[in-house]
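Letters A, B, ... mirror the listed sequences (proteins, then strands); counts begin at 1. Computed over heavy atoms, backbone and side chain alike; hydrogens, waters and symmetry mates excluded.
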Amino acid sequence: MTSPETRPGTRPEARRGGLLELRDVAVTYRSAAGDVPAVRGVSLELAEGEALGVAGESGSGKSTLALALLRLLPKTARVTGEIMLDGEDVLAMTWGRLRAVRWASASVVFQGAQHALNPVRRVGTQIAEPLLVHRMATPARARTRVTELLEQVGLPAWRARSYPHELSGGQRQRVMIAMALACEPQLIIADEPTTALDVMIQAQVLTLIRSLIAGRGISLIMISHDLSVLAATCDRLAVMYAGRLVETGPSREVFTGARHPYSRALAEAFPTVGDFASRMAPRGLGGDPPDPMRLPGGCSFHPRCPVALPSCAWRDVELWPADRAPEEPASPASSAPSHTAACVHVLPDPEAGPEPETTGEDETPAGRPAKESA
Amino acid sequence: MTLLEAVDVHVEFTSRGRRARAVDGVNLTVGEGEIVALVGESGCGKTTLARTLLGLERPASGAVRYGGAPLTYSTRALKAYRREVQLVPQDPTGSLNPRHTVYEAVAEGPRIHGLPGERERVASALSRAGLRPPERFFPVYPHELSGGQRQRVVIAGALALDPKVLVADEPVASLDASVRGEILALLLRLRAELGLSALVVTHDLGLAWNIADRVAVMYLGRIVESGPVEQVLSAPSHPYTQALLSVLPESPAPIVLGGEPPDPTRVPGGCRFHPRCQVLAGGKAAEAGVDGRCRSQPLSILPAVPGSRVACYFAEVSRAPL
Amino acid sequence: MSDVTARRREGLARFWREYRAQRSGMYGAAILVVAVLAALLTPLLTDPSGLDVTRATGEKMAPPSLGFPLGTDESGRSILLMILWGSRVSLLIGFLSALLSMVIGTVVGITAGHFRGWPSAVLMRITDWFLVLPTLVLALVLAAILGGGTSTIVLAIGVTSWASTARLIRAQTLAVEARPYVERSRVLGGGHWHVMTRHVLPNVAPLVLANTTLTVAGAIVTESTLAFLGADAGQASWGSMLRGSYDWGAVTSGAWWYVLPPGLCIVAVVLAFTLCGRALEVVLNPRLRGVS
Ligand SMILES: Nc1ncnc2c1ncn2[C@@H]1O[C@H](COP(=O)(O)OP(=O)(O)OP(=O)(O)O)[C@@H](O)[C@H]1O
Ligand SMILES: Nc1ncnc2c1ncn2[C@@H]1O[C@H](COP(=O)(O)OP(=O)(O)O)[C@@H](O)[C@H]1O
Ligand code: SF4
Ligand code: SF4
Ligand SMILES: [Mg+2]
Ligand SMILES: [Mg+2]
């Protein structure tokens, strides 16, 4: 971790978490049908040069969280909590500052990026655009920079003159990555960068992303519903369910030794070819994703949980240290344990263990009866 | 026993004046109660082959055979054929008419064929597809269902005709990881309970490992390797199959093939994989003395046999003699 | 399946709610309700004998008075009475010819969109031909050949005005046919008729409805023009009243009560249909796009 000088108006202690630090971030969409709590209190830290994978099924709030990081959400969204990017509170930034931060400090590769390119403009022009908009290069300099960027993502320089429809899905995704790299940001947020691509193209794009972050110390937040893809690319994983983190930890540990039953189901969804345990035995998770407007009480996963206890219907567990050695005294995550899970089974005594301390801002404190929501 | 069969099927399109050989000589069989996976990267001709097997595309040469008899393309014959062979399309959302309720979507097939007992048929198809109790889903519109439920409705629509074979095109590609296993388990259960055969088209080798008995690997319109799943996927012989397996996120040494996706309007001579082949590029083919043939001598079309077969000069010479 | 009917009703209620939010559409609908009510109630409330030149009771070309609120024409007939009875002819011809035009346009459009290849090419060539033909001239010729009468005028307008509808419907049909559910329907064994009636038609129906409304407006204008040019239905319509006023030099002689009422009626009803049609397009089109 580097220690840059403190900027005026920022609190030095906020640097502790590294590049990005989220404290209890919540996002609620206001819609005609009522409020949709898409993200419900997420706290995370991301060190410089670290790659974090965010997993979860569709509707779990992954994209909402990613967009909230740069205040890219529509006006109907209300964001609360604290988002510290490089020591600055994103939620308190002026629009001018925010525009400078986007691209220059952090940039996003959007979900379905292949369709995010303007179909009637050459890709070179589109890559150069952020450079020119932010006055980071003269038009001539921008042209050479575009060539460099295309080379970095493995495309020949003449591709700058192509239109998006002349490129394959994988190539368009590379163009999007080149755009994200244009202003040399410290952080790249990639939302499902490989989801619509087939295995070989996916491998090409993932290899590219991995080499880029390793080579230049860029931090990465990558979003996917495929845990195996994330585990192969990221240092740490965070699993989201119904707008909350249910498990965080080092990739390997979460992928092969998940402690939360939902993470386990995600990890098992994609079998290891050659592993005879999964031959003719596809594993999945029953039930439907929860409706964010009608979340079940207690642990919101309990209607689908294969190992739920009766108490799960009313008892909501917070993220709790879940390192493989459970003998150490359980205490709420104060010394930043590397592996945490929000499941009653990681508590020392699941049946009658100590209630985790609830921090005041929690909307569904432990022990709340589950009557009001079905 | 062989149920559905492709015999030396060629399918061609003309796009912008150029001839695209989307399927370029394929032999493939699906036996009774068998699940066959057809894998390959996008654009290799999997979907075209599947559509040809369903009679939606007519082969330029070769034939589709069902129960031993070649498919005829009269309206009446196709209608009868489609009671036996059904499709599970790739995109469940797009495949359901947003103006039709679940009941209407599932009853569409029985109505077309004038089958008796429509209500019972729909109810039993829905419950076999895992939507229970079926009555609860009758008046529901597709947009009120989750992706996994929509895929079940589509499967129920096919089951309502009591088909013998399902052709599923990427049945889980548009679904979440968490529902994927459920739909695959459903296909296995339908095979166990109804003796249903299936051809599953996919680019996902894990899916083949999860549910298929046999696998056929397709590259640029041809099948390059086929055989029992355990054999082909645990000990792949063709360099392309090896590359596909090596790029799975779990694998230790990925062989990422460079270059553009294969283009069916420009099929290379010799072995059609040779411009991207890592065995040829790495010099191993030259060591084995097959590199000349790789570049210039066309490979013969693989026959449809249950055992494993591979279309590669290098694999032929390097395979340990039995 | 009463659940389904309940949901249909709910859909209708939602449609009405969204339509109501379109202010101009509501104005249009209000005018139309008045016009249609007037046309329907006229035979019950008035005596058609006043339309007979020989039995007209008024003074010739009299300005509005208590007995004749809109004055009289050159034969002493009440303008108000003529407007009321004329509305029946104008609206009837407008509706019927729009209906005919929509039926032809929809059938041609769906057929050309569904059957690719030469049937489509031939139909579209014919459509293009009708599209560039001057509708009015064609209708005049047709009316001259077929002789007078309401049905002739309806036929003349209907047969000459379907081409743009056909193009629109064909484009929409092509979009629907590209949907995966149409392929699924084919794989289930569905033939041409099944696909066209079960999938294509319900999807283009909202478009047809919105378009018909606009076509009625066009048809009323065409009818008036035809009547003005001398090809009338043999009964007093707003168009033939304008013709009469022109023949008698009503404008130059300052008989505004003879010119303005039929002119304003045409403008108001055409405007009303146009407003309704646009409002329908706004309400129905996002749904077309949004759902599929
Ligand atoms: N503009 C919006 N208005 C109202 N609700 C919204 C809006 N955008 C998203 N939501 C809701 O917020 C929740 C989270 O959505 P989000 O797009 O973040 O999910 P995701 O995890 O990225 O899923 P996917 O994998 O499908 O992209 C969902 O329930 C979604 O319906
Ligand atoms: N209707 C068509 N017209 C022209 N080319 C087509 C058509 N359908 C498929 N192709 C081409 O045939 C090749 C194989 O396509 P497809 O069978 O869809 O591949 P896959 O399912 O393996 O992705 C592709 O190059 C594709 O572009
Ligand atoms: S807390 Fe209970 S319901 Fe929630 S995941 Fe753990 S066991 Fe399952
Ligand atoms: S035949 Fe030659 S080029 Fe083709 S796959 Fe085998 S080794 Fe590679
Ligand atoms: Mg998303
Ligand atoms: Mg395909």
Name the region of [X], side chain, backbone, both or neither, that has any atom closer than 4.5 Å to a heavy atom of chain B.
X: A:A281; answer: backbone
X: A:R283; answer: backbone
X: A:F255; answer: side chain

Minimum heavy-atom distance between A:A232 and B:P249, given as atom pair plus value | CB-O, 3.6 Å
Considering non-hydrogen atoms only, spot the tightest contact between A:P282 and B:G181 and give its length.
-> CB-O, 3.8 Å
Whether the side chain of [X] engages the backbone of [Y] through a donor-acceptor N/O pair (distance < 3.5 Å, no angle test) should be reported.
X: B:D176; Y: A:E57; result: no
X: B:W209; Y: A:M280; result: no
X: B:R180; Y: A:A269; result: yes
X: A:R279; Y: B:N210; result: no

A:T207 side chain near B:P254 side chain, heavy-atom distance below 4.5 Å = no
Which of [options] touches chain A most, by non-hydrogen pairs under 4.5 Å:
options: B:I211, B:V179, B:L207; answer: B:I211
options: B:V229, B:L245, B:L248; answer: B:V229
options: B:A212, B:G130, B:A208; answer: B:A212

Please flag which part of [X] lies under 4.5 Å from any non-hydrogen atom of chain A: side chain, backbone, both or neither.
X: B:L175; value: backbone
X: B:L187; value: neither
X: B:L233; value: both
X: B:S146; value: side chain
X: B:R189; value: neither

When rounded to the nearest 0.5 angstrom, what distance separates CG in A:L227 from OG in B:S178?
-> 11.5 Å
For A:M200 and B:L244, what are the C-alpha separation, side-chain angles and deciding distance, and is it a side-chain contact (heavy atoms from CB on, under 4.5 Å)?
-> CA-CA 7 Å; A:M200 195 53 77; B:L244 280 183; 4.1 Å; yes
Which one, A:G284, A:S224, A:P271, A:A203, leads in non-hydrogen pairs under 4.5 Å with chain B?
-> A:P271
Partners passing side-chain hydrogen bond (donor to acceptor under 3.5 Å, both in side chains) against A:R264 (at least two apart in sequence or in another chain) = none
Yes or no on side-chain contact (heavy atoms from CB on, under 4.5 Å) for B:D204 and A:V199, after CA distance, side-chain angles and deciding distance?
-> CA-CA 7 Å; B:D204 172 0; A:V199 268; over 6 Å; no
Return yes when atom CZ of A:R161 has more than 12 non-hydrogen atoms of other residues, nucleotides or ligands closer than 6.0 Å, and no otherwise.
-> no
Which side-chain N or O atoms in residues 149-157 of chain A pair as donor and acceptor under 3.5 Å with protein atoms at least two apart or in another chain?
from	atom 1	to	atom 2	distance (Å)
A:Q152	OE1	A:R216	NH2	3.4

